[in-house]
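Quick note on labels: first sequence line is chain A, next is B, and so on, each numbered from 1.
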2 protein chains.
Amino acid sequence: MNTAQNTRDRIIELGRDYMQRIGYHSFNYKQIALELNIKNASIHHYFPSKEDLGLAVIEKDRQDFIYLTQKTKKAKAMDKLQALIASYEYYFREGKKLCVISTFSSSYNEITERMKLAVSQYAELVTVWLAATLKEGLESGEFSFKESVDDLANVWMAMMPGALLVGRTGGKAAFDKTINSLRQTVKSS
Amino acid sequence: MNTAQNTRDRIIELGRDYMQRIGYHSFNYKQIALELNIKNASIHHYFPSKEDLGLAVIEKDRQDFIYLTQKTKKAKAMDKLQALIASYEYYFREGKKLCVISTFSSSYNEITERMKLAVSQYAELVTVWLAATLKEGLESGEFSFKESVDDLANVWMAMMPGALLVGRTGGKAAFDKTINSLRQTVKSS
DNA sequence: ACACAACTACCTATATGCAGGTAGGTATTA
DNA sequence: TAATACCTACCTGCATATAGGTAGTTGTGT
């Protein structure tokens, strides 16, 4: 997904990266202005307010997720889940980042209504996809678990960002353990 | 634990509350100065730097956790876990707060080394207590699960804050579902 | 083919506001 | 009289945002 061609796209990519690392509010225009060799004001040319950039980052990430789901459309259920896990492993490896959803969830009480809506809808989209994928794997006999599909989708939604948080304080070992436990949830009994 | 008598303690309590709601960096001295009817500079009298207050908040929360473990020392394993869960339910109910550990984990890449150490040690303390409690319940026959005690402790460490994050975007229903699934982990087959 | 209008992608300079922090003073209590 | 618990009055730095300008490009009518 790192196909940033023009300045606008590069701002979104860099912005997303910083936000995932240090959070939406700690991130500032100066950092990316410096890296892109443009001025602070030029970022305002593309994104008049910080909220605009925040929304663009959420939308970009949502598009990337949709792309991931389409790319794996014909894969086995486990491979679909593994594709998602892989991106989380990438986040952790590259600077202990959080995912975009948990980044904005962390700042949820201090973002605008439009942003809250955007994150919530994005989170719902992922939840629905997870539930569908779990159901698919269950029906094909690939998975085995006792919880309801919806409940397990919820568990995944909580544990994936949870693993990233735990990994920040507990290091790679803690992160890996959590992800492994997560994989086991579809192979219980 | 809300037994704030003197100004110093009240600053810690209010500081903790704000940090859990909006994060360590978004929180500022003015807010609590206003609520306590003192001036910004007076907070610096007790906590010369923001880091000092951050460390005090972590330490206070750690003490509260230790108090919880001692209060439930002779309780059944499930009641111990339930006591911890209850505080998370309280966090969610009262303003969609995060727990202190996940609050600082969220800001992990932008806090000082001393704070990182304090959070990590605190997280380790909780993990160890969880593992001990899970082991206790398993050996007494109260619990039943197939994972290793350490792995399941890790799952709890990830899912409790995860539930709070999920609850922010998905509302009370999502939070409750996740917590229920968490409870089921000690009763699987 | 050429003049001119309009747009894109930046720039400089500056306003505004706020956050963390300090210096030094006062009032109260032990 | 010394410590404690505040205060007033600042400084500094930085972050978001705006106003207004320039250089180059693209489109359009005659």
What N/O pairs connect the protein and nucleotides 27-30 of chain C at under 3.5 Å? Give each pair on its own line.
none

Can you label the angle between the B:Tyr29 ring and the B:His44 ring as parallel, tilted or perpendicular, going by 30° and 60°? tilted

Give the B/S/- string for nucleotides 9-26 of chain C, one per nucleotide from 5' to 3', where a protein heavy atom under 4.0 Å of the base yields B, of only the sugar-phosphate yields S, and otherwise -. BBBB------SSBB----

Flag for A:Gln31-A:Glu35: side-chain donor and acceptor within less than 3.5 Å: no

Any pair with a residue in residues 96-122 of chain B that passes ring-ring contact (aromatic ring centres under 6.0 Å, His included), sequence neighbours left out, goes on the list, sorted by first then second residue, please. B:Tyr24-B:Phe104

Parallel, tilted or perpendicular: ring planes of A:Tyr88 versus A:Tyr91, cut at 30 and 60 degrees: perpendicular

Going 5' to 3' along nucleotides 20-26 of chain D, which nucleotides have protein heavy atoms under 4.0 Å from the base (write B), which only from the sugar-phosphate (write S), and which from neither (write -)? -------

Atom CG of B:Leu36 to atom C1' of D:dC7: distance rounded to whole Å? 15 Å

Is it the case that one hydrophobic cluster holds both A:Val128 and A:Phe145, taking links as side-chain heavy atoms less than 4.5 Å apart, direct or via other members? no

Got a sec, which pairs hit side-chain hydrogen bond (donor to acceptor under 3.5 Å, both in side chains) with one end in residues 154-181 of chain B, sequence neighbours left out? A:Asn154-B:Thr178, A:Thr178-B:Asn154, B:Trp156-B:Thr185, B:Lys172-B:Asp176, B:Asn180-B:Arg183

Output the residues of residues 104-118 of chain B in contact with DNA chain D, where contact means a heavy atom of the residue under 4.0 Å from an atom of the strand; sort by number or write none. none

Shortest non-hydrogen contact between B:Ser26 and B:Ile22, atoms and distance: CB-O, 3.3 Å

